[in-house]
Number of protein chains: 2
Amino acid sequence: MLSKIEAMCLKKGIRFTGSRKIIAQIIIESNDHPDVDVVLQRANKINPKIGIATVYRTLKLFADNDIIAKHDFAGEEKSRYEDVNDDEHHDHLIDIKTGKVVEFYNEEIEHLKEKIAKDLGYNLVDHRLELYASPIKKDD
Amino acid sequence: MLSKIEAMCLKKGIRFTGSRKIIAQIIIESNDHPDVDVVLQRANKINPKIGIATVYRTLKLFADNDIIAKHDFAGEEKSRYEDVNDDEHHDHLIDIKTGKVVEFYNEEIEHLKEKIAKDLGYNLVDHRLELYASPIKKDD
DNA sequence: TTAACTGCAAAGACTTTGCCAAGTA
DNA sequence: TACTTGGCAAAGTCTTTGCAGTTAA
């Protein structure tokens, strides 16, 4: 079965090479929003010859084609990546203690975003909502 | 009369030098969220001897002390800065055509942000909400 | 086969830092 | 005067790119 990423490469006439297959698979299987170095690490477990430039190039290629999403969270130097499903949008809560990312979706906020833009005389094209938070401690 | 930034510096024992005074004034008077180069340009109109390193150092100093806010908007390479008033929070709508920044505040969203974090088991520490939008064209 | 891809190292863009002269309290 | 600042240029990060060998269709 064709992965979504492979299908899109085929469609756009982009070669689905060994490196790309590996990197695509890593993104699909990772749910921790890895950065370039982490992706490289995971890729090198499968093929140690893959270099950092290829990872950068491949992630950019996928991101430019909206197959994956690139995030630049506040306070972090490197970008992080995640798989995207066209039909499902979500925002992020970042645990400032650990860097862990929790995804969430809130219908009300989505509507409000649209409304606010409209009220200001704009058509909403994109948005970014990130919550930076620390876990509530429980002494149970 | 002491500017808010000068007062902050005094309070924190940070020297309020000529360069810092100029840069502080520029941030206070600018409402277009200028980046480092723009701040340098404006500073150099007053004192051509101020260098880019000083602007970077000063903006970082102010930002680290929460006297000004630093923003990294999506799709822009350089950071942009703005004055902050402790008691007044706002989010940003970025005009993707011109880079113009419109500030807005929405009570409902503020509450939702808090609630979402709580529901996920976190205490909200900070957040980032940015709307990227294009102006609604009117043929009037 | 042949145009596209990859690895390596070098180059870029933004930001920070070391050094020493200069300014502030 | 003592200690912090600031200008300049060099160094640091993350990311992109040129080149030549390699590979997928």
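For clarity, every value in this text was computed on a predicted model and none was experimentally measured. So you know, we letter chains A, B, ... as the sequences are listed, proteins then strands, and number each from 1. All values below come from the heavy atoms of this structure, side chains included, with hydrogens, waters and symmetry mates left out.
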Stretch residues 41-51 of chain B: residues that reach within less than 4.0 Å of DNA chain C through a heavy atom: none

d(NZ, B:Lys21; C1', D:dG6) in whole Å: 17 Å

Rounded interatomic separation in angstrom, taking CD from B:Glu76 and C1' from C:dA13: 15 Å

Other cluster members, B:Val38 - Ile/Leu/Val/Met/Phe/Trp/Tyr, side-chain contacts below 4.5 Å: none

Flag side-chain contact, heavy atom, 4.5 Å: B:Ile5 against B:Arg20: no

Connected via hydrophobic side-chain network under 4.5 Å: A:Ile27 and A:Phe16: yes

ring-ring contact (aromatic ring centres under 6.0 Å, His included) contacts in which one or both residues fall within residues 98-131 of chain B, not counting sequence neighbours: B:His89-B:His127

Residue pair A:Asn44, A:Leu40: steps toward the side chain to side chain contact (heavy atoms under 4.5 Å, CB included) verdict: CA-CA 6 Å; A:Asn44 280 343; A:Leu40 176 65; 3.5 Å; yes

Sugar-phosphate, base or nothing in reach of A:Arg57, heavy atoms under 4.0 Å: base

Rounded distance in Å - CD1 (A:Ile23) to P (C:dG7): 8 Å

Check against side chain to side chain contact (heavy atoms under 4.5 Å, CB included), B:Leu129 and B:Lys113: CA-CA 10 Å; B:Leu129 170 57; B:Lys113 286 189 257 201; 4.1 Å; yes

Counterpart residues, salt bridge (Lys or Arg N to Asp or Glu O under 4.0 Å), relative to A:Glu76 (two or more places apart): A:Arg80

Residues that B:Gln41 engages under side chain to side chain donor-acceptor pair (under 3.5 Å), provided they are two or more places apart: none

Between protein and nucleotides 22-25 of chain C, what N or O pairs are separated by less than 3.5 Å?
{"from": "C:dG23", "atom 1": "N2", "to": "B:Arg15", "atom 2": "NH1", "distance (Å)": "3.2"}

Qualifying residues under side chain to side chain donor-acceptor pair (under 3.5 Å), relative to B:Asp83, sequence neighbours excluded: B:Lys4

Distance-only polar pair, side chains of A:Lys118 and A:Asn123, donor-acceptor under 3.5 Å: yes

Partners passing side-chain contact (heavy atoms from CB on, under 4.5 Å) against A:Tyr132 (at least two apart in sequence or in another chain): A:Phe73, A:Ala74, A:Ile94, A:Ile96, A:Glu130, B:Asp126, B:Arg128

Pairs touching residues 21-65 of chain A that satisfy ring-ring contact (aromatic ring centres under 6.0 Å, His included), sequence neighbours left out: A:His33-A:His92

Between the first and last five pairs of the helix from C:dT1-D:dA25 to C:dA25-D:dT1, the angle of the axes, rounded to 10 degrees: 40°

Which pairs of donor and acceptor atoms, one on a side chain in residues 65-72 of chain A, lie under 3.5 Å apart (sequence neighbours left out)?
{"from": "A:Asn65", "atom 1": "OD1", "to": "A:Lys12", "atom 2": "NZ", "distance (Å)": "3.0"}
{"from": "A:Asn65", "atom 1": "ND2", "to": "A:Leu61", "atom 2": "O", "distance (Å)": "2.8"}
{"from": "A:His71", "atom 1": "NE2", "to": "A:Glu82", "atom 2": "OE2", "distance (Å)": "2.7"}
{"from": "A:Asp72", "atom 1": "OD1", "to": "A:Ser79", "atom 2": "OG", "distance (Å)": "2.5"}

Length of the line joining B:Arg20:CZ and D:dT5:C1', which is rounded to integer Å: 6 Å

For nucleotides 13-15 of chain D, which of its nitrogen or oxygen atoms have a protein nitrogen or oxygen under 3.5 Å away, and what is each distance?
{"from": "D:dT15", "atom 1": "OP1", "to": "A:Ser79", "atom 2": "N", "distance (Å)": "3.3"}
{"from": "D:dT15", "atom 1": "OP1", "to": "A:Ser79", "atom 2": "OG", "distance (Å)": "3.2"}
{"from": "D:dT15", "atom 1": "OP2", "to": "A:Tyr56", "atom 2": "OH", "distance (Å)": "2.5"}
{"from": "D:dT15", "atom 1": "O5'", "to": "A:Tyr56", "atom 2": "OH", "distance (Å)": "3.3"}

